[in-house]
Amino acid sequence: MKKITLLFVALLAYLQVVSQSEKISEEVKTHAQALVDTEHNVGIVIAFINGDTVDFFSVGTTDLQNNIPVNEQSVFEIGSISKVFTTTLLANEIVNGTMKLTDPISKYLPKEVSVPSRNGREITLLDLATHTSGLPRMPNNFEPKNPNNPYVDYTKELMYAFLLSYELPRDIGSEYEYSNYGMGLLGHILELHTGKSYEDLIIEKIAVPCEMPNTKLVFNDYMKSHLAKPHAQGVEVSNWDLTSLAGAGGIRSTTKDMVQFVQANMGVFKPSIYDAMTFSQKAAYENNGMKMGLGWNFAQNGKDTVVWHNGATAGYRSFTGFIKGTQKGVVVLGNSDGDIGRLGMKLLGDPRPFSVPKVSIQTVINKEIETNGIQSAIKLYKKLNAESSNGYTFSEDALNTLGYKYAAENKDEIALELFKLNVESYPNASNPYDSLGEMYLKLEDTTNAISNYTKSL
């Protein structure tokens with residue numbers, strides 16, 4: 001009896017050690033906290049998955065006013081992680097025999113839409129799914145009326161018009177070039193092929209069988225009430241609504257839902273879409289040492305192959321990945337533009353140490369403007385830049401983004417002073433002059449507008 005008790009105690013101690021080793025490390029937690037403390041991020045939610053065991057860690061808030069903590073139920077835009085949802089939908093059609101990777105995309109588009117070809121080779125579904133079609137990252141007719149929600153007015157008619165006019169710069173399949181347009185086009189082709197909207201396909205084929213109730217394109221009431229609001233460089237910005245290019249980055253989700261997606265991809269449970277998921281993880285393109293599946297990226301951490309994808313919209317960052325052949329995976333979601341991918345890769349074995357984050361100067365200056373006015377903020381900026389720049393991140397983008405934030409709010413005098421400060425701080429960069437010229441033009445000061453546009457050039 002005594003021996004049995006001792007064995008039980010020893011077994012329990014062993015299981016506790018194993019359990020601790022499979023949780024989110026203190027190193028990762030500390031760095032996540034530092035990213036929030038230095039205002040690079042507003043809120044971060046991390047999930048570490050080991051089979052059917054999940055460890056969650058959250059730090060930060062849903063916004064900068066209400067102090068509501070983020071958690072695994074908070075809703076984020078997942079950005080380009082949507083692309084592996086799109087390629088999973090494609091893989092589902094492939095394994096069911098209704099489409100072939102070698103099919104030319106012209107087979108599924110309206111007859112009046114001419115698709116560019118090169119040297120007798122047509123763009124195929126595989127080319128779109130592996131970013132090797134020769135189509136660019138973004139179309140040249142992408143001219144949003146509202147820069148704060150840039151994709152909302154990019155229609156299928158504009159998508160078709162670009163395809164009709166574009167000349168491929170190289171042979172199809174010869175090189176990898178990440179293409180939001182190409183993956184958005186693939187999502188649209190799946191709509192045409194199935195007769196269903198992209199969102200309906202996501203819900204029916206992936207979200208429902210994987211038990212992901214809050215993974216959609218359009219916010220429902222629950223998602224609105226649990227929204228982690230988007231932020232860019234410490235400033236709250238707008239959510240993005242993707243329409244015709246939804247397949248490139250239009251999905252919203254929660255960390256809890258995304259855990260379900262990763263577990264299904266690893267085979268922790270096997271929903272009806274599981275065969276398509278495993279198919280999408282197979283190597284589909286390889287060139288010059290670079291290898292990828294359908295949408296999924298591959299990376300090596302020692303002997304481990306990490307299958308991963310990340311995402312970004314104006315006010316969100318996301319990362320998900322898993323170690324191939326295991327049931328270990330991660331999800332990291334954040335509601336600001338600070339990078340969080342390293343947190344995920346670290347949990348998947350990345351040996352590189354974290355660097356100590358610096359405080360974002362934009363957030364500091366924005367708060368000073370709101371509290372004491374623009375002239376006080378300018379003095380503070382110059383003081384910090386001269387005395388303690390090592391403790392802050394200074395960049396032309398920081399002041400530029402802040403300037404446009406105030407311009408959008410029609411606080412033109414503040415915006416003008418910020419753009420002028422940016423030109424003073426970065427006299428050899430073109431973009432500050434361009435932004436200042438744009439501001440002068442808005443104020444109908446043509447002389448100064450032309451002067452700054454000329455300096456920009």
Side-chain angles (χ1 to χ4, degrees), residues 78-94 99-109 115-119 121-142 151 154 159-160 162-163 166-191 193 198 202 242 244-251 265 276-277 279-300 305-313 317-321 324 341:
I78 65 170
S80 287
I81 294 178
S82 304
K83 290 179 172 67
V84 294
F85 283 72
T86 302
T87 54
T88 299
L89 293 176
L90 171 63
N92 191 54
E93 298 301 319
I94 302 300
M99 300 176 97
K100 295 179 181 179
L101 287 176
T102 54
D103 285 344
I105 64 173
S106 59
K107 178 179 178 179
Y108 300 99
L109 291 167
V115 179
S117 60
R118 186 177 169 101
N119 293 331
R121 166 97 145 79
E122 293 189 56
I123 297 171
T124 67
L125 297 173
L126 175 64
D127 299 321
L128 293 184
T130 55
H131 300 287
T132 57
S133 64
L135 296 171
R137 185 182 186 93
M138 292 297 295
N140 58 20
N141 64 347
F142 184 76
Y151 287 84
Y154 193 79
M159 180 188 289
Y160 292 162
F162 172 75
L163 204 58
Y166 191 67
E167 183 176 341
L168 296 172
R170 59 182 173 274
D171 289 346
I172 299 165
S174 63
E175 291 182 27
Y176 172 95
E177 181 182 2
Y178 191 82
S179 178
N180 285 315
Y181 175 84
M183 198 63 76
L185 179 60
L186 179 58
H188 178 62
I189 285 172
L190 290 165
E191 290 181 316
H193 173 65
Y198 181 77
I202 290 297
L242 279 74
S244 64
L245 295 178
I251 297 175
N265 269 278
M277 288 177 161
F279 186 87
S280 71
Q281 297 165 24
K282 295 178 180 179
Y285 175 77
E286 185 172 2
N287 189 24
N288 294 325
M290 181 266 188
K291 186 187 294 186
M292 69 176 297
L294 298 180
W296 286 108
N297 301 301
F298 299 156
Q300 290 299 129
T305 299
V306 176
V307 182
W308 68 277
H309 211 291
N310 59 359
T313 56
R317 293 293 183 272
S318 59
F319 176 90
T320 193
K324 193 172 182 62

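Predicted, not measured: the structure shown is a model, and the values here were computed from it. The basis for the numbers below is simple: all heavy atoms, side chains too, and nothing from hydrogens, waters or symmetry mates. Numbers here simply count residues along the sequence, with the first being 1.
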*Stepwise, does the side chain to side chain contact (heavy atoms under 4.5 Å, CB included) test hold for L90 with L101?*
CA-CA 9 Å; L90 171 63; L101 287 176; 4.0 Å; yes
*State which residues pass ring-ring contact (aromatic ring centres under 6.0 Å, His included) with Y198; sequence neighbours excluded, sorted by chain then number.*
none
_One pair to check against side chain to side chain contact (heavy atoms under 4.5 Å, CB included): I172 and T132. What are the steps and the verdict?_
CA-CA 6 Å; I172 299 165; T132 57; 5.9 Å; no
*asked:* If the condition is side chain to side chain donor-acceptor pair (under 3.5 Å), which residues does E93 pass it with, not counting sequence neighbours?
replied: T98, H193
*Look up atom CG in N310 and atom OG1 in T320, then write down how far apart they are to the nearest 0.5 Å.*
10.5 Å
*Within a reach of under 6.0 Å around CD of Q300, are more than 12 heavy atoms found that belong to other residues, nucleotides or ligands?*
yes
*Atom CG of N140: over 12 foreign heavy atoms under 6.0 Å*: yes
*asked:* Under the rule for salt bridge (charged side-chain N to carboxylate O under 4.0 Å, His left out), what residues qualify as partners of K107, not counting sequence neighbours?
replied: D103
*Closest contact, heavy atoms only, S82 versus A248*: CB-C, 4.3 Å
*How many angstroms lie between CE in M277 and OG1 in T88, if you round to the nearest 0.5 Å?*
5.5 Å
*asked:* Distance check, rounded to the nearest 0.5 Å: L168 atom CG versus L135 atom CG?
replied: 6.0 Å
*salt bridge (charged side-chain N to carboxylate O under 4.0 Å, His left out) against E286, all qualifying residues, sequence neighbours excluded*: none
_Exam field: side chain T86 to backbone G187, donor-acceptor pair closer than 3.5 Å_ = no
*Any donor-acceptor pair under 3.5 Å from Q281 side chain to N265 backbone*: yes
_Ignoring hydrogens, what is the shortest heavy-atom contact between A312 and R317? Give both atom names and the distance._
CB-NH1, 3.4 Å
*Going through the checks in order, is the side chain to side chain contact (heavy atoms under 4.5 Å, CB included) test met by R137 and S179?*
CA-CA 4 Å; R137 185 182 186 93; S179 178; 5.6 Å; no
*Out of curiosity, L185 CG to F162 CZ, how far, rounded to the nearest 0.5 Å?*
10.0 Å
*If we only count heavy atoms from C-beta on, is the L125 to M99 side-chain gap below 4.5 Å?*
yes
*Closest heavy-atom contact between F298 and G293?*
CZ-N, 3.5 Å
_Partners meeting side-chain contact (heavy atoms from CB on, under 4.5 Å) with A284 (sequence neighbours left out)_ = L126, T130, L294
*Output all residues satisfying side chain to side chain donor-acceptor pair (under 3.5 Å) with Y285, sequence neighbours left out; order by chain, then residue number.*
N287
*asked:* Once ring-ring contact (aromatic ring centres under 6.0 Å, His included) is applied, do any residues pair with H188, and if so which ones, sequence neighbours excluded?
replied: Y160
*Taking every non-hydrogen atom, the tightest pair across P104 and E122*: CB-OE1, 3.6 Å
*Checking side-chain contact (heavy atoms from CB on, under 4.5 Å) against I105, which of L186, I123, T124, D127 comes through?*
I123
*Y178: what forms a side chain to side chain donor-acceptor pair (under 3.5 Å) with it, not counting sequence neighbours?*
S80, K83
*Which residues share a ring-ring contact (aromatic ring centres under 6.0 Å, His included) with Y151, sequence neighbours left out*: F142, W240
*Name all residues meeting the side chain to side chain donor-acceptor pair (under 3.5 Å) criterion together with Y181; count only those two or more places apart in sequence or in a different chain, and write none if there are none.*
none
*Kindly write out the residues that satisfy salt bridge (charged side-chain N to carboxylate O under 4.0 Å, His left out) with R118, not counting sequence neighbours, or none if the list is empty.*
D171
*Rounded distance (nearest 0.5 Å) linking atom CG of N92 with atom OG1 of T87*: 11.5 Å
*Drop me the distance from S133's OG to Y176's OH, to the nearest 0.5 angstrom.*
11.0 Å
*Smallest separation among heavy atoms of P116 and Y166, with atom names*: CB-O, 3.4 Å
*Check the pair F85, I251 against side chain to side chain contact (heavy atoms under 4.5 Å, CB included), reporting the backbone distance first and the verdict last.*
CA-CA 9 Å; F85 283 72; I251 297 175; 3.6 Å; yes
*Taking all non-hydrogen atoms of both residues, which atom of S318 and which atom of I81 are closest, and how far apart?*
OG-CD1, 3.4 Å
